[in-house]
Structures are given as structure tokens and as C-alpha cells.
Amino acid sequence: MLNKTYEWLRIAYAHPTDEVVRKRQLACTDLLGKLEEAEDITPLAECVAGVINGFDNGSTKGSEAVETIISCIRDHQPAFASDLSDNALELRACAMITLGELITRNDEEPSDIAVLTSLLLISSTGLRPTVQERHLKIALDELLKSARSAATRAAVLRRERVELDFEALNEVTAGGDTASLLKSLRPALKQLLKQLDQQAAADREELQVLSWLYNNYAETVGKPIAGLDPFEAALCCGLEIADLVSVPPLEGARQMVADAASKNRKRTGLKKITLAEVMGKLSHESKQGILPIDRIVRKLAQRYASLFPISWVCLRINDSGSPTGWEEEFRNKVGFAATESYSPEEIAGQVFSERIAQRKCEEFGDAE
Amino acid sequence: MPTGSCIKKDCTFATTGVCLELYAPVTTCPNFRSSVVSLTDAETELEADALPLPAEDSTEDAVRPTTLTKVRRRFHPGTELGLDDAAELMRGRYVHVIGVLGQSDAGKTAFLSSLYLMASRGWLKPSYSFAGSLTLQGFEDRARGLRKWEKGRLAERFMLHTQLGDSRRPSFMHLALRELKDRERHIELLLTDLPGEWTSRLITNADTASRFEFLKRADGIIYVIDGRLLIDSGRRHVEIHKAKILLSRLLQSPLMTAEAPLVLLVSKCDEIGMDVPPAAEQIMGEAAAIGLEPNLIMSASFSRSTPEVQSGTGIMESISRILNHELPSSTEFEGGIYEAANGRLFGKIPRR
């Protein structure tokens, strides 16, 4: 959000001057252009990871995003340090401003890339402990709120039950040859069919999700949900409902996932446990179920653990063949420990968010 | 206005720029001391011409050495950090800025010195350990007065009156801590050390609020009030009134928001028995009336009543309150009835 440049730059400056604010706004505008024109979503994914976890640790250290942001800043202020120890937090603030602007630029109808950014932010923040740095927290909260708002708005637009447009069809008159008739009829028919298809997709989503909830059966492991360990059930709920809904989902779907994970469970079964313990409770089949199939998404998940933390852990366990030993690497890459505790609802929500974000990534094609 | 200070007690030069004894210019006054040239912006230039080549008839191959280029480098003098130095630090990693306010002799510098000495002695454990400082010399200079004893006791006045290198800009003391539990964070602190006159002027003149702009970036504010004044029947009402004005001014300027962590640090409590003075409760009430929720902490930076009251009481607690202040989360979905367009029931979230 360019209009928040002064407030968000305060993360890195005690008192940002007008000149600094002006230069950073220009730099962020340039960065926004580069993200939108990029051939793949890797720079965007790196920016999101850097905003969430900082650019001076994890997998974003020395990344292309760092070079790009520094380059954009240097275009307007050549005397800018390139050492992350001198500028990491400022780069983070600039990336936040840029992503905020990307998300909020068209509130009424968020663009595809705005929706992708929003879903990546939601996926990245689900498991993270609360930020304790005050001004950083205020800015991140505001960014995340905008992300959820944009995703929700896009979800509503996708499911809007519109009045079918017969006006164009009514204007088509008989007469003339068949070719002319088809030429005038085709666009009107296409428009109508598109509207019908959109509404059918929304109706189908509702039926499928409700059927799944009624059946209460986990296809991933081939067992009824009620018979599964609460955390395994949570993973299956999050995963399978995410595969049924249209992207982006309505906020209500997220709530349904949480409810499905906790329904009819004893309170003791819903107690929070650490992420390491959660992984210990998951079967091989469920861990396999969450692994991204798409090659590009799989690469993103392996490279940027902070974007898809649960997917990263499952990939890591799958690649190493060992259920343990990932905890230290996890901490280094995502910035928090596997000893943080979560409830089944939180795990279900996180798996849901990761899968949704991954599905959106697939729409953007090659990330090489 | 010449930069410097007057060593004569109660001279108004610091606040009005006018010598109490009407020396004009003020530099002619025998009590006036010019500021030492600030080393905050010290720069060193390294410049060298290329070394002379060996003689032409040398049998050895002549190797032209690399010419040293000019390097502009800023070295921290170690006394205090200005806004520019603070900015250099803040651009690299998150720094917790803590504004320490209070009138002259309230105990602000004693607070900083006590914090430093506790850190250097390892007395911050088990919660924190000392992890470095860019202003070690500044802390040492401030603590120097503690080494002067009068008849086996601390001098009545053992802290030097705070003077700024640049009287118009704030200065900061830096302290890095390592959290020893929970998330084991590395914490950088920048604490202001402002002359009491700054706070006094803010109370009497709202126009001076602009010099406190940096407080908008503060992670918390510690307002230090001399505990002895709060039990003095002749002065406590004035202190309550001043506190009320200051807090209102901070909120209205606005230099802080109502949600920002605020600590009301009552100092020199070893001399008033560690009981919370009713005047302090009144100040809390005034704060609550304008929407603030300060934490009241009784402190004794350097106790004259050991072992009943230990030196350093309340010091680290005030810092911890700011570092661990829980901010409300504003990202939770607010719930309520969520209307998908045109009355779809799917996706509605009932209000719980």
C-alpha cells in the first residue's frame, strides 16, 4: 500500500523523512511493475516469503528478490547498502508496501495476481506465532487483513448469482443467411453459456462439499473420519475439502473445515500438541496425500518452507525417508520452532490454506 | 543559539536560551560550557596516493600497487547514538525503541545506568543476558558518579545532568539482550536519554511536541516520576497535574496511541518505603480517564536501603512489560453473517 509508505517505513526508521518516503514509493512502484511482468511467480513467492520471515534468514537470503528490491531502490537512491546486515528490515518494509499495493489496488475486482498473493500470505501466516515486534506486527496484521479481504471479495465475485443476460440474444433477428445468423448469435450464446457455467460451478461446489461433509469419509486414507486420530482427520478434512472448493474459497468454507475436524470429538482429543507430535500422528498415506503433485508447486514448497510449512515437512520426511531430524532445518527456514502447539482445527485450517494457495499457483504455470 | 550548557544550578539557558545572569552573548558567562564537538557524525577519510614505483632500472618486475580509494566511514563514538546512527541500526534488524521521559532529577539516567550495571553483572538472568552495546562508553560515563562516595554512602547527587551533543535532536543508548527462554529472541533496545527540560517543555508548551516525533516509532514509553515528590504534600498535586498534562499531550499530539505500552515508573522508592503512593494511584486514574492503561512499577535504581530494597528493583520489569506487551490481533475474521451475493446460504458464517 503506497499510502502506507510512511507508517510502514517506520519499522526501519525512527523518523522517515519526506525524501526517503518519496524515494521508497518510487522504488516500490518499480518493484510492483517487475512482479507483475515477471515470467513466473518465483519473484512474487520470494517476496511473500521475505515479508513473512525476513530476507536475512531461511531460503530468501541471497535470493533474486533481494537483488531486485535493492536494484529498484538504487534506481532512485544509488547510495544504498547491499549488505543484508545493513538493510534487511528496510527491504522487508519495501516488500510489504509493494505487496500491499498489489493486493489493494483494485478493491472492487482483485486481479488474479492479487488473489495469488493474498492466498500465499494466508498460507504463510497460519501457523506462525504472534509477532512480538510492535510496529512490524501492526503492519503485518494490516497486510494480512487486506489479503483476506481481497481473497474474500474475489470469492464472492466468482460465486455471484447473476441475472442471465438475454438482451444480446433478444437482439439477434432471423433473416439473412445462416452464416450471418451464426455470427451474430455466437457471442450472445457464449456469454450466456459462460454465465451458466459459472453458476453451475458454484452450485456443484456446494453439493460436493455438503456431500463430503455428510459422508464424512477420508478418501486419502480410505477410512471414516470419525475413526481417525483427530490430527489425521484434520489433515484429511483440510486436504479433501480444499480439493473440492473453487479457488479462492469463501471464508465460510474455512470455517466448515475447522468444524469438520473437531465435530463429535472429546475435548481431550482436541488438545493442542506440537507440530513435531502432529507429524508423528500422521500415517504414511496422509503424509503422501498432502505432497504437491504439480512439479512447479512441489519445487516452490521445497524451496520456500515459510509459504507451505506443513507441505514442506511432509516433503522433507518423504525425501529423507526419516520421520525425524527435520526440526532444526524447519526452524532455520521458517523462523519458528516445531515445538509450537496447535489444535486439530488449526492444523485443518492450515492444510486447507496451503492446498488452496498451491492450486492457485498451478494456474500460473511454469515457475522455472 | 550556541550549543552548550550552564553549570550554574537552575540557570534557564537550557530552556530559554537566555543566561540567568544576563551575560550576552552567553558564551561570555563564566558558568557556560560549550559542547564538546559531537563525535556522532565523525567521519574518517582514508586517502592515499599510489605508492611510488620501484626505480626504472630495477631488475624486478615493477608491480603497481592498487591505489587506495577514498573511503568514507562512520565510526560510532560509543557515547550515544543520534537519529542517523539509530537509523543505520534499525534498517538492518528490528529495534525496540523505548522513550524514557521524565522531568529533571526524576531518575531517568539512573534508570539507564542501573539497567546497564545489571546487564554487565549478569543480573538480568534468568530471563535475559547481555548481548552487547554500541554505547558502552556512554553507559560508563553515566555511571561514573556512582564511584564517588561521601562518608561511605552514595552522594546525594550521583548522576550528571544529561546534556545532548545536539540540543535539538534526541540521543539514544543502545543495549542488546538475548532472551533465555520462550523464543530466545535477540533483542535490540534503543533507549532515549533526554534532558529533563525536554519533558518539562513538552508539559508547558505543546509546540515542542515536534521534537518528539521519534516517539511515534517507540515500542513503549517509560514515564519516570520521582517517588519522593509523590509523597510530598506540598508538591504531589503539582506532579499529578503535570503527569496529567504530559499524558494528554502525548495522546493528542499524537505521539502515541492508547494501545502503546506505557509504564509509569515511580523512582527512588527505597526512600519512600516501596508502598504505592496515593498520588501514583491518582495519576493512574487520570491516565485511565483519557483511555490509557499504564503499568505502575515501583523502582529503585540505586537503593540506599539495602538489603530491604535491592538496587535495580523494578528496572528490568519495566523493560519486560514493554517487550512482552500483548497487542490485540486484528486479523481474525470478525464473523457475523457473511452474505454471499444474491442470498446463497453456502458460506454464511453464523454469529457465534
Side-chain angles (χ1 to χ4, degrees), chain A residues 7 10-16 20 54 56 81 83-93 122 125 129-138 140-145 147-148 152 155-157 159-163 202-203 205-207 209-210 249-256 336-337 340, chain B residues 72 81-84 86-97 169-170 172 179 182-185 187-188 190 192 212-220 257 259-261 322-335 338-350 352:
Chain A
E7 288 83 357
R10 274 213 302 253
I11 297 168
Y13 285 86
H15 186 190
V20 166
D56 53 350
D83 193 334
L84 280 176
S85 62
D86 292 331
N87 65 17
L89 193 58
E90 185 165 9
L91 297 185
R92 192 174 181 183
I122 293 167
T125 49
T130 313
V131 170
Q132 288 183 301
E133 289 81 15
R134 179 167 174 251
H135 293 274
L136 190 56
K137 182 184 184 332
I138 289 170
L140 282 172
D141 278 358
E142 209 164 337
L143 183 63
L144 186 60
K145 204 169 184 177
R148 293 182 77 159
T152 302
V156 168
L157 285 174
R159 292 161 180 81
E160 206 160 32
R161 198 189 293 280
V162 295
E163 295 292 325
D203 294 337
E205 173 193 52
E206 295 182 21
L207 287 170
V209 170
L210 291 172
L250 289 167
E251 191 64 32
R254 216 177 285 278
Q255 191 66 52
M256 286 179 186
F336 61 93
E340 293 288 334
Chain B
R72 293 170 73 84
L81 299 180
L83 270 176
D84 292 339
E88 274 188 30
L89 193 64
M90 292 170 74
R91 286 201 287 268
R93 57 167 67 195
Y94 193 87
V95 176
H96 292 84
V97 176
R169 304 184 95 201
F172 300 89
E179 200 175 38
D182 295 334
R183 295 186 208 169
E184 298 176 9
R185 293 177 289 168
I187 297 168
E188 303 271 355
L190 279 179
T192 60
F212 288 88
E213 276 292 309
F214 65 91
L215 281 182
K216 290 180 181 174
R217 170 54 179 83
D219 292 82
T257 61
E259 297 80 31
I322 290 172
L323 292 178
N324 299 311
H325 180 81
E326 255 198 59
L327 283 167
S329 183
S330 57
T331 62
E332 290 301 318
F333 186 73
E334 276 127 13
Y338 173 80
E339 293 279 347
N342 289 12
R344 281 186 187 273
L345 283 178
F346 185 79
K348 275 196 176 182
I349 302 176
R352 290 171 193 257

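Chain naming here is simple, since letters A, B, ... match the order of the sequence lines and numbering starts at 1 in each.
In this structure, the portions of Ala260(B) lying under 4.5 Å from any heavy atom of chain A include both its backbone and its side chain. Contacts of Pro129(A) with chain B are made by both backbone and side-chain atoms, with heavy-atom separations under 4.5 Å. Contact annotation for Leu84(A): only backbone heavy atoms (N, CA, C, O) come within less than 4.5 Å of a heavy atom of chain B.
Put simply, the side chain of Glu188(B) never gets that close to the backbone of Val95(B): no donor and acceptor are under 3.5 Å apart.
The residue among Arg134(A), Glu340(A), Glu205(A), Glu90(A) with the most heavy atom pairs within less than 4.5 Å of chain B is Arg134(A). Comparing Asp86(A), Leu89(A), Ile11(A) by heavy-atom pairs within less than 4.5 Å of chain B, the highest count is held by Leu89(A). For the set Glu7(A), Arg254(A), His15(A), Arg10(A), the count of heavy-atom pairs under 4.5 angstrom toward chain B peaks at Arg10(A).
Remark: Tyr94(B) pairs with His96(B) by the ring-ring contact (aromatic ring centres under 6.0 Å, His included) rule, at least two apart or across chains.
With respect to Lys145(A) and Glu142(A), no salt bridge is recorded, no charged nitrogen being found less than 4.0 Å from a carboxylate O. The existence of a salt bridge linking Glu213(B) and Lys216(B) is confirmed by a sub-4.0 Å separation between a basic side-chain nitrogen and an acidic carboxylate oxygen.
Glu184(B) CD: more than 12 foreign heavy atoms inside a 6.0 Å radius.
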